[in-house]
Amino acid sequence: MFALALVASGCADDGGESTATTGSDGSDGAGDVTHADVDGDADDSADASDDDATSEPDVAPSDADEPETTDGDDVAEDTMEPVICTVGLPCDDENDCTWDDACGDDGFCTGTPYTCDDERECTVDVCTGDGDCEYEMAPSTCLIANVCYTQGETHALNECVVCTPSTSTTEWVLSNDGDPCGGGVNECLTKSTCLKGQCQSGLKACDDGNPCTDDACDELVGCVGLPNADPCDDGNACSQGDTCQFGECIQGLIPLLCDDKNPCTTDLCSPSGCVYSNLTGPCADGTACTVDDVCQDGTCKPGILRNCDDGNNCTIDSCDQYLGCIPEFVDSACCIGGVSICDDKDPCTTDSCDEEQGACIHTPNTAACDDGDACSGPDVCDALVCSGPVLDCNDGNTCTDDSCAASLGGCQHAAIPGTCSDNNACTKEDKCVGGTCAGTPLSCNDGQICTQDSCNPLTGCTTVALTGPCNDGNACTDQTVCTPAGCVGVPTACSDGNPCTNDSCNPLTGCAYQAIAGTCDDGLSCSTGDACKNGVCSADKSKCGCQPVFSDNVSHVKKLLMGTSGIPGQGLDVDKKANTCTPEGSCSGGIDNAFSLLADIANPELTKSFASGSLTLLYEHVAMKTNGQTFVMNFYPGNDPGGCDGQTQSCGYYVEKSALNQTTCKPLVAFNNAKIVGNKFTAGGPGSTFPFSAPVQDGLELELTLSNASIEATVTVAGGKITSMTGVLGGAIAKEAIMAAIDAVDPASFPEGLTQDAIKGLLGFLLANDIDTNGDGTKDAVSIGLVFDANAGFILGLDD
């Protein structure tokens, strides 16, 4: 339905000729000569309509003012009746543009026409009599420096001179000042215009806005950024000393210090700079004579004055704001050298001094004390005696024997053996070990892949059934998922479609392909002696003509659909104008896909055809590079030999022989600017074409050519090959070409009830030109986006 009928872009000289018909009266047309149809209508009916004996000859002297425009030879002849002669006798057919006249068996005199052919397709060659020829210029052509050009064609090296037959048929004519020129030969030159026959170009301004690259321009690839090591700013105020590395601004190692020396603020650095937030709670106001200072409104407020009374009656206590409390020793009746003489060293008395009497006073107290017995406590004073109750040494641990030994310093907890309980439902066989109750961890694993097993210390083992993908550990099953019956999958399909391998599967390692011997069929009817050698079907292909060597890096398009809208992922920005998109009301981001209005018609059959393998498209990546350098991407229509699921496996395919030039063996369709940067793939662009067959309805296909064709895709690369490829093929199709393609379809091939006019009316209504393909300011083509998905495959060879 959407068979990508890849055909060569541009014109091909088929070299075909149409020979004039013989008149009904037995004459040969009285001087008609062999000629070729070059007016582009692919119909000789107009060019040779007068070849019937009952009509006038091709060119008579009376017609000479209007020469016939053909690429072949033409012979002017007089308007005359056929000359009747006697068979076997010499004769004269009275035509100056023939020679070797002879009387035919039919009784008419005929001669051999003179051939007038200067081998120039832009001249009309006419015989004027007696073997003389005249060569007149064909309409809308020029002959400059002995080379034919068509009207509007420019010089190969100068776009600013043009073939203009109305001005001169032998000299180049200067194009209009202001006409565009210089399209893409040097990527460092801006799109320029013609001025007095010369293309005036300016240098492209290269600025990627990155301070870590030195901007330059390469004639082949355009603007490039070369990494530098300059100082930079990563936009984060918390780092200093940022420098450029590998094209990126790398954060410096010198931190920005935000300490404001204020204990009542938090000091933080954000990307925009230092941020200070007020704190609450204790602080130090810097004065040693206050305590309980607190933060209020970002300021440390002083608390209460510090109490410097040290309880020593032999000191005078004061406070210094820097040094804090300072005791000053004094002498009195109870103090000598600042030391009290009333301390009796008994913890059960409170010592004081009556300075007037000069006598010490020892008052009994009930203060805490230590009676020296490690097995009593807590000890207190009572009637000047320090004592305490027997110490309780029970630690509540069933795995220890508790006792008290004063000689050992108090309570003793000796580990004992025996069973116990650690009160944990996730352990079993609990035992006392080293004074601690411990058990063996309980195993809750039920051995099932599709359950999640765990343990709750309060309740024990729990099991929850799982759903979704799982791994059964068997390399010979795919698509395994959890079900009530466990982890279940489908057997792996290991068929590689190769008759020279024995396909099997090992549960540990997966698919295995063992080379076998024997006869095989390489799919070529022209080859002989087909036999399996080293796992490949080999044959003598000497009689097969073109036999190319294909790359082993091949993508098989397993899905191709017409994009359903003009949003990203459904089409491409064909006109490179981010502020325009189509179709109106269902587009964004500059995406152009006017053809999306036909998606509902085309996509059902496309889905069916690509899924079944009846339509096969292959991308061949030649000498692929992944460092941003360009390489060649070839396109082939192919044939699926069957026996392998191309939707899920890497399969082998045959390339249709018609996809190659049988003389040069080169692909007819290719992009020579394919490029991979990261995982992004691009190819094609202005000047690239992609011929294909577009579905309309019920098997009806239109042969069209995509101009400004390009591909944007996401790829996965493994082992130096593309293993998956998902993206969009986009471009534009001239609306006039669409209508011409409909006219070219055999009316008998239209589905019942559908006519050419009906199809043209429908497409004319749905499709509107939205792309200017030649830069003249007029939209002349309809944009299209084709969404595709490809996996890895390989080419088996050519298919006849």
Side-chain angles (χ1 to χ4, degrees), residues 8-17 33-42 46-47 58-59 63-76 114-128 131-186 189 191-201 663-664 686-689 705 707 734 736-737 772-778 780:
S9 303
C11 297
D13 182 6
D14 60 7
E17 296 182 342
V33 297
T34 301
H35 63 279
D37 171 33
V38 297
D39 55 8
D41 60 6
D47 298 324
D58 283 60
V59 180
D63 304 320
D65 293 338
E66 298 294 335
E68 183 180 4
T69 57
T70 67
D71 283 342
D73 306 324
D74 205 356
V75 178
Y114 287 112
T115 300
C116 293
D117 186 3
D118 63 358
E119 298 185 352
R120 296 191 182 102
E121 61 182 12
C122 58
T123 60
V124 178
D125 309 331
V126 180
C127 173
T128 59
D132 293 333
C133 297
E134 289 185 356
Y135 306 99
E136 301 178 6
M137 293 300 298
S140 302
T141 62
C142 301
L143 181 62
I144 305 174
N146 208 32
V147 177
C148 287
Y149 299 91
T150 59
Q151 181 172 323
E153 189 173 356
T154 61
H155 191 285
L157 300 179
N158 185 357
E159 296 178 65
C160 293
V161 293
V162 62
C163 165
T164 310
S166 61
T167 302
S168 173
T169 60
T170 60
E171 299 290 341
W172 291 109
V173 176
L174 301 186
S175 62
N176 296 326
D177 289 349
D179 284 354
C181 61
V185 175
N186 186 335
L189 299 180
K191 186 76 173 182
S192 301
T193 57
C194 295
L195 179 64
K196 296 181 180 181
Q198 295 296 323
C199 188
Q200 305 296 316
S201 300
T663 301
T664 64
S688 298
T689 58
T705 298
S707 61
E736 292 182 357
D772 175 10
T773 60
N774 56 15
D776 64 357
T778 301
D780 54 15

C122 and its side chain to side chain contact (heavy atoms under 4.5 Å, CB included) partner, picked from V147, T169, T141:
T141
Do C142 and Q151 come close enough that some side-chain heavy atom pair is under 4.5 Å?
no
Any R120 side-chain heavy atom under 4.5 Å of D125 side chain
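No; the side chains remain at least 4.5 Å from each other.
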Non-neighbouring partners of T664 that pass side chain to side chain contact (heavy atoms under 4.5 Å, CB included), sequence neighbours left out
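With neighbours one apart ignored, the set is N661, K666.
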Name all residues meeting the side chain to side chain contact (heavy atoms under 4.5 Å, CB included) criterion together with E736; count only those two or more places apart in sequence or in a different chain, and write none if there are none.
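Listed in chain order: nothing, the list is empty.
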Do you know which two heavy atoms are closest between V161 and G197, and how far apart they sit?
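For V161 versus G197, the nearest heavy atoms are CG1-O, 4.4 Å.
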Would you name the heavy atoms of Y135 and T123 that are closest together and state the gap between them?
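Residues Y135 and T123, closest heavy atoms: CB-CB, 4.4 Å.
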Atom OG1 in T170, atom CD1 in I144: separation rounded to 0.5 Å?
7.5 Å
Spacing of CD belonging to E159 relative to OG1 belonging to T193, to within rounding of 0.5 Å
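E159 CD to T193 OG1: 11.5 Å, rounded to 0.5 Å.
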Please identify each residue that fulfils side chain to side chain donor-acceptor pair (under 3.5 Å) with [X], with sequence neighbours left out.
X: Q198; result: none
X: T150; result: E153
X: T773; result: D780

Please answer whether the main-chain N or O of E171 pairs with a side-chain N or O of S168 as donor and acceptor at a distance below 3.5 Å.
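The answer is yes, because a donor-acceptor pair under 3.5 Å joins these two groups.
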Please list, one pair per line, the donor and acceptor atoms closer than 3.5 Å that link side chains of residues 172-181 to other protein atoms, with sequence neighbours excluded.
from: S175; atom 1: OG; to: C160; atom 2: O; distance (Å): 3.1
from: D177; atom 1: OD1; to: K196; atom 2: N; distance (Å): 2.8
from: D179; atom 1: OD2; to: N176; atom 2: N; distance (Å): 3.3

Using only the SG atoms, establish whether C127 and C133 come within less than 2.5 Å of one another.
no
